[in-house]
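The structure under discussion appears below in the form of structure tokens.
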Protein chains: 2
Amino acid sequence: MYNEGGHTEGWHGDGWISNFPGLHSLPPDIVATLVETSRIARLPVGTRIFGPGQAPDAFLLLIRGTVRVQQVSESGREIVLYRVSAGDSCALTTACLMGYEDYQAEAVAETDVEAVAIPRATFDDLIARSPDFRRFVFTAFSHRVTDLFRVIEEVAFSRVDVRLAQRLVERANDQGRVDLTHQQLAAELGTAREVVSRQLNEFQRRGWISTSRGAIDLVQPNELRRLAAAP
Amino acid sequence: MYNEGGHTEGWHGDGWISNFPGLHSLPPDIVATLVETSRIARLPVGTRIFGPGQAPDAFLLLIRGTVRVQQVSESGREIVLYRVSAGDSCALTTACLMGYEDYQAEAVAETDVEAVAIPRATFDDLIARSPDFRRFVFTAFSHRVTDLFRVIEEVAFSRVDVRLAQRLVERANDQGRVDLTHQQLAAELGTAREVVSRQLNEFQRRGWISTSRGAIDLVQPNELRRLAAAP
DNA sequence: CCGGGTCTGTGACCTAGTCACATTGGCGCC
DNA sequence: GGCGCCAATGTGACTAGGTCACAGACCCGG
């Protein structure tokens, strides 16, 4: 433990670092800086971490939970851009902030979230001092940008049935159940609810799924996967 | 001029730095590093700077010309993601490289291009040493990400007629002429050629444009602008 | 069991993308 | 000049996707 004035603070140790593979090899002095100046933030589910109106003042590393980054159009339609989960950083959002641009994406805590909040000054300091930290940050960037590229590709060139099948498979829990409404699925894909409803009806007609209010059970997930892998 | 071994090198001075507002306030030692280790690259129009197959080994700052970054789908459809012009950096592309990810976007020199190529080692060094350089890089990132967000928003939520009107206005030269084929316009928007042809016919029917082979003249640019600004 | 809100279903209609093929314009070449 | 080629453009028919309006169905608290 590093200099914490003698009182125990639970998570305020360096234990969380083990959650970040990219940070394993940081030299002790860097770890010390991180641990000393960062604090642990706990955000209840639904918290808007970033968006028109709010802005985080720190670089966030997620210890637990997931954050959804999405875009909302004037007409109220939504599309999910990507998710940040434990071990990832909110690099992109942070970078955009640093560019002082206002843009209309927003980040929402999809579950209760625990995150390391690295103050801007520390972030800057670490970027300067640690090649490993730099690599960590740039790698995170890279992943997010790749996500955005994929979103663009899918929205521009893929069919909704294929994309819907992908999401169903991807967001099903262990029991093969997807706990989302048609409206929420539509928001995932950036399409309209009616479109999702119709596609789901078609899937059900084929016996691939069974639907109930607010949830969908995957009956033949392999068929969905096959469609999802379609060219 | 900084240490250049006594021989003149034309562009290999620090003259180009004046093209990058974000770099104006760099301290002399940083400028020295930049000038000493970077070289000037000249790329003829059409050069594929980055893409499936090629990869740049350096961070690029554009002195002259423009670079188009686009995505190509399996089916052959294309969409332009953003353009990098003089004074900008190819930050995003570079970052993606550093993340060692393979993705399918490509960068093409849209005109003859002159750029400062900063080797990876120098880039890393400068990031470490110069807060201003960091700010420059992150700001560039931010702009590109904002571009991507806008592309997603437009592709997902905007009508093609509106987007086409935007492009026509945006890519018209001083004489109000757009030197692009319908196919090229379709590639800008990520749609199909027939769709563009039909929309152009509609614009022409309304007297807003007149078309000829390989070019479009804006007759009533204000009407196009009005449509482009539509909600 | 009743009333509200949320969620889902549906038909009609419009916009966008696909496919197949016809037509035209420009340009080099005999 | 006339010919032939190829890229660019035009068009119709059809499918997929998005919008609108509204009807039921389900759920939960009172």
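What's counted below: heavy atoms across the whole structure, side chains too, no hydrogens, waters or symmetry copies.
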* Going by atom types only, do A/Gln70 and A/Glu106 share a side-chain donor-acceptor pair under 3.5 Å? -> yes
* Looking at residues at least two apart in the chain, or sitting in another chain, which of them share a ring pair (Phe, Tyr, Trp, His ring centres under 6.0 Å) with A/Phe203? -> A/Trp208
Measuring only between side-chain heavy atoms, which start at C-beta, is [X] closer than 4.5 Å to [Y]?
{"X": "B/Leu189", "Y": "B/Val155", "result": "no"}
{"X": "B/Val169", "Y": "B/Arg167", "result": "no"}
{"X": "A/Val137", "Y": "A/Phe59", "result": "yes"}

* Asked: Where the side chain of B/Asp112 meets the backbone of B/Val45, is there a donor-acceptor pair that is under 3.5 Å apart?
  -> yes
* Structure fact -> To the nearest 0.5 Å, atom OG of B/Ser73 lies from atom CD of A/Glu154 at 12.5 Å
* Per-nucleotide protein contact string for nucleotides 15-25 of chain D (B base, S sugar-phosphate only, - none; heavy atom under 4.0 Å) -> -SSBBBB---B
* To do: Just say parallel, tilted or perpendicular for the rings of A/Phe138 and B/Phe138, cut-offs at 30° and 60°.
  => parallel
* Using chain B heavy atoms and a threshold of under 4.0 Å, write down where along DNA chain C the contacts begin and end, 5' to 3'. => C/dT15 to C/dG26
* Ignoring backbone atoms, establish whether B/His182 has a side-chain N or O less than 4.0 Å from OP1 or OP2 of D/dT9. => yes
